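Have a look at the structure below, then the notes.
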Number of protein chains: 2
Amino acid sequence: MKPKVTIEDIARLAGVSKATVSRVLNERSNVKAETRERVLRVMQEQGFVPSLAAAGLAGGRSRLVGVLTPPFTQPTVPEILRGVAEAIEHTDYEIVLYSTNAGQSPTTIVNRILALGLTSCLLVIQPGPLTPRLLQLASQGLPVVVIDDQGPPPELPSVGIDNRVSAYQATMHLIRLGYRRIAHLQGPAEFRCAQERYQGYRQALEEAGLPFDPALVFNGTFETASGRACAAALVTLPLAERPEAIFIANDQMAFGFLSAAEALGLRIPQDLAVVGFDDIPLSAHVRPTLTTIKQPFYEMGRNAVELLLSLLHGQAMQPVAGTEGGYQSPIRIQLPTRLVIRESCGALTLHRRQEQEHSLSDE
Amino acid sequence: MKPKVTIEDIARLAGVSKATVSRVLNERSNVKAETRERVLRVMQEQGFVPSLAAAGLAGGRSRLVGVLTPPFTQPTVPEILRGVAEAIEHTDYEIVLYSTNAGQSPTTIVNRILALGLTSCLLVIQPGPLTPRLLQLASQGLPVVVIDDQGPPPELPSVGIDNRVSAYQATMHLIRLGYRRIAHLQGPAEFRCAQERYQGYRQALEEAGLPFDPALVFNGTFETASGRACAAALVTLPLAERPEAIFIANDQMAFGFLSAAEALGLRIPQDLAVVGFDDIPLSAHVRPTLTTIKQPFYEMGRNAVELLLSLLHGQAMQPVAGTEGGYQSPIRIQLPTRLVIRESCGALTLHRRQEQEHSLSDE
DNA sequence: GCATAATATGAAACCGCTTTCATGTCAAGG
DNA sequence: CCTTGACATGAAAGCGGTTTCATATTATGC
């Protein structure tokens, strides 16, 4: 291992002091153009790359962003992370990854992250409610951006989608296809997105003048098994009371529903139309392929990074501006979703209305 | 933001010097038990967590492992990363993630990583050949572990599977099912694993006394499109020359093959049996479901971390032992694979031999 | 042409921790 | 009782940067 080139070496070789080299590194304006040139050239020649660790330590801020994620095997995560990674790449920040594996308290991890003093900001990918500890830290000034889920009223700056509107569109799609009795398999109540999707469903029914039947709303956990359970529960209903269609609050549950439906002899979409939510990779491959709301995961990742960095820089200026008292509501970036029409809703086969629906999907 | 508790605070509160606190932190033996107790108690009370950045800087070694991965959307990656993350969690190391997005030279990234001086070791998840730069660095003493692919003769310590044997088993499975003309869609030649899988295929044919027909070996790229191309090429063969089965070198290509085959009116497995390689999540969901060799990605991740850390610690001791001259061949951890029997090979439907095959799959 | 301000640079302190070296203590050995 | 280590601890010098403050240089105004 060749000994690392340090700022001191550069200073000596360029005939300047460490301070000047540091100024060049940080693109301070008060360096003579000529000097800067010379220093830059020496750095180039020596292949000098400053130590992030040292810079972070000395400067009191670090160029590492902590990313807190659920396990990668959760299907929405890889695509989000791809966006995050790609956005980071264009900056001089790096990612420190904290993956919450099952069974471990998020608070523990959050503590671990921060106490290390390694990262100066945090990107949280967290379905479900935020831990109090996180909120506390954020209120103490830690720049945090949350991806997805919590929707307004946002406690923290966040990037996500409009769950209510998206659910509304999903349900409305079924209504337009002519289904009247439309069921809903909802996610757990502690997820705000689950509540919002439910509201969107209700709103669509209402606007279409369709009666709301509580018996058609099933409770799920966002996991595959609860989709299966829902299908099983559904077939116990008397034939006359069965729904003609169902809007399922995420694709994962929809997969369970589909597979159980098949086993129960329920044909999708002939006997029952299905629309999901998320559009994860598998959705295009299950049989029947799943009509669903596409969440722009990649874009969410990118936007979250950009928001976080802008926060980070903005904050650095805060002490100057001094908006100590005036508390503004945190930024939320809301990205558009899209209805992806596939087989499970019957639009392509049942009513031959695909032209109409295609144009709708491109709205 | 409350001011961070530093080692100095602890020292003062415990009535000792910074040096002693540091000793306690690093579990040095030469601290009186009583003193240690006291220091630990104060640390506990203060919620002290040492700064990784400072420790790394001062100690000249860091507690960050760099992880170099292909995009997360490559289907084998999330599962590997899950293993990596979980293994890391049990240590006091953290992950710095470098994701190589398409189009960017791995060498650039490797340089970026190292120059930063942030990480003291590197975990490389890289399908395909290693960059010379990486080999160079490793030979200069940087602890590097590579996941997958390169098989023996390994240039670097690595974790992977025995591709040849696994391919042999896949092919042998087809042979046992009674197929005689067995094709192979291979991966690109620059991937050693592609070559090895090809060899395993050849070996199985040979041992079974089946003739090898070069016309039945197709070239692929490991991507979906080349699976489709292969299917298209295959149907141009005169009926008499068509294979009865095909062993495809990875699942991604198998998916392409399956979908093209369906479009071409080729029934799988009735007209042609298919076995893939990898067992990525989608493999259980395509139609027909794919019989394939399961790679233990999660375990590979875990093992790689363990190997890397043991290397890291071992290396620290090297100067003492001083094996300067004697160059040993790098460690390779080879994990077992398993044949997962699903629909595409016909074992479950065609010959009703499933009992026999099940027991085989559990070997 | 000189006072004054603006700009460019260097010296040194410091970030939070590790490590070396020196010092102090105490038990064993002569 | 004094020497010799072994052991416990502290003081101080870094690690590779950033930042403050002082100083040197140059530009500006009158």
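Just so we're on the same page: letters track the sequence lines, and every chain starts at 1. Hydrogens, waters and symmetry mates are skipped; everything else that's a heavy atom, side chains included, is used. This is a predicted model, so every value here is computed, not measured.
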Value for CD (E79(B)) from CZ (F297(B)), rounded to nearest 0.5 Å, stands at 8.5 Å

Within the structure provided, determine whether L142(A) and C121(A) are in side-chain contact (heavy-atom separation under 4.5 Å). no

Close N or O pairs between protein and nucleotides 6-8 of chain D (under 3.5 Å):
none

Contacts of L57(B) meeting side chain to side chain contact (heavy atoms under 4.5 Å, CB included) (sequence neighbours excluded), chain-then-number -> A54(A), L57(A)

Would you call L309(B) and V305(B) a side-chain contact if the rule is heavy atoms closer than 4.5 Å?
-> yes

Can you find a heavy atom in the side chain of T119(B) that is under 4.5 Å from one in the side chain of V65(B)?
no

Angle separating the five-pair end axes of the helix from dG1(C)-dC30(D) to dG30(C)-dC1(D), nearest 10°, is 40°

So the side chain to side chain donor-acceptor pair (under 3.5 Å) pairs with at least one residue in residues 31-50 of chain A (sequence neighbours excluded) are none

Practice prompt. Check whether any side-chain heavy atom of F72(B) sits under 4.5 Å from a side-chain heavy atom of L97(B), and report yes or no.
Written response: yes

E34(B) atom CD is separated from dT25(C) atom C1', nearest whole Å, by 14 Å

Distance-only criterion, 3.5 Å: show the donor-acceptor pairs between side-chain atoms of residues 7-18 of chain B and protein atoms not counting sequence neighbours.
| from | atom 1 | to | atom 2 | distance (Å) |
| --- | --- | --- | --- | --- |
| D9(B) | OD1 | R12(B) | NH2 | 2.8 |
| D9(B) | OD2 | T6(B) | N | 2.8 |
| S17(B) | OG | A19(B) | N | 3.4 |
| S17(B) | OG | T20(B) | N | 3.4 |
| S17(B) | OG | T20(B) | OG1 | 3.4 |

Measuring only between side-chain heavy atoms, which start at C-beta, is I125(A) closer than 4.5 Å to P70(A)?
yes

**Message:** Applying side-chain hydrogen bond (donor to acceptor under 3.5 Å, both in side chains) to E86(A) and Y298(A), what does each step give before you reach the verdict?
**Reply:** CA-CA 9 Å; E86(A) 205 155 298; Y298(A) 172 80; 2.5 Å; yes

A correct 5'-to-3' footprint of nucleotides 16-22 of chain C, with B, S and - meaning base, sugar-phosphate only and no protein heavy atom under 4.0 Å, is BBBBB--

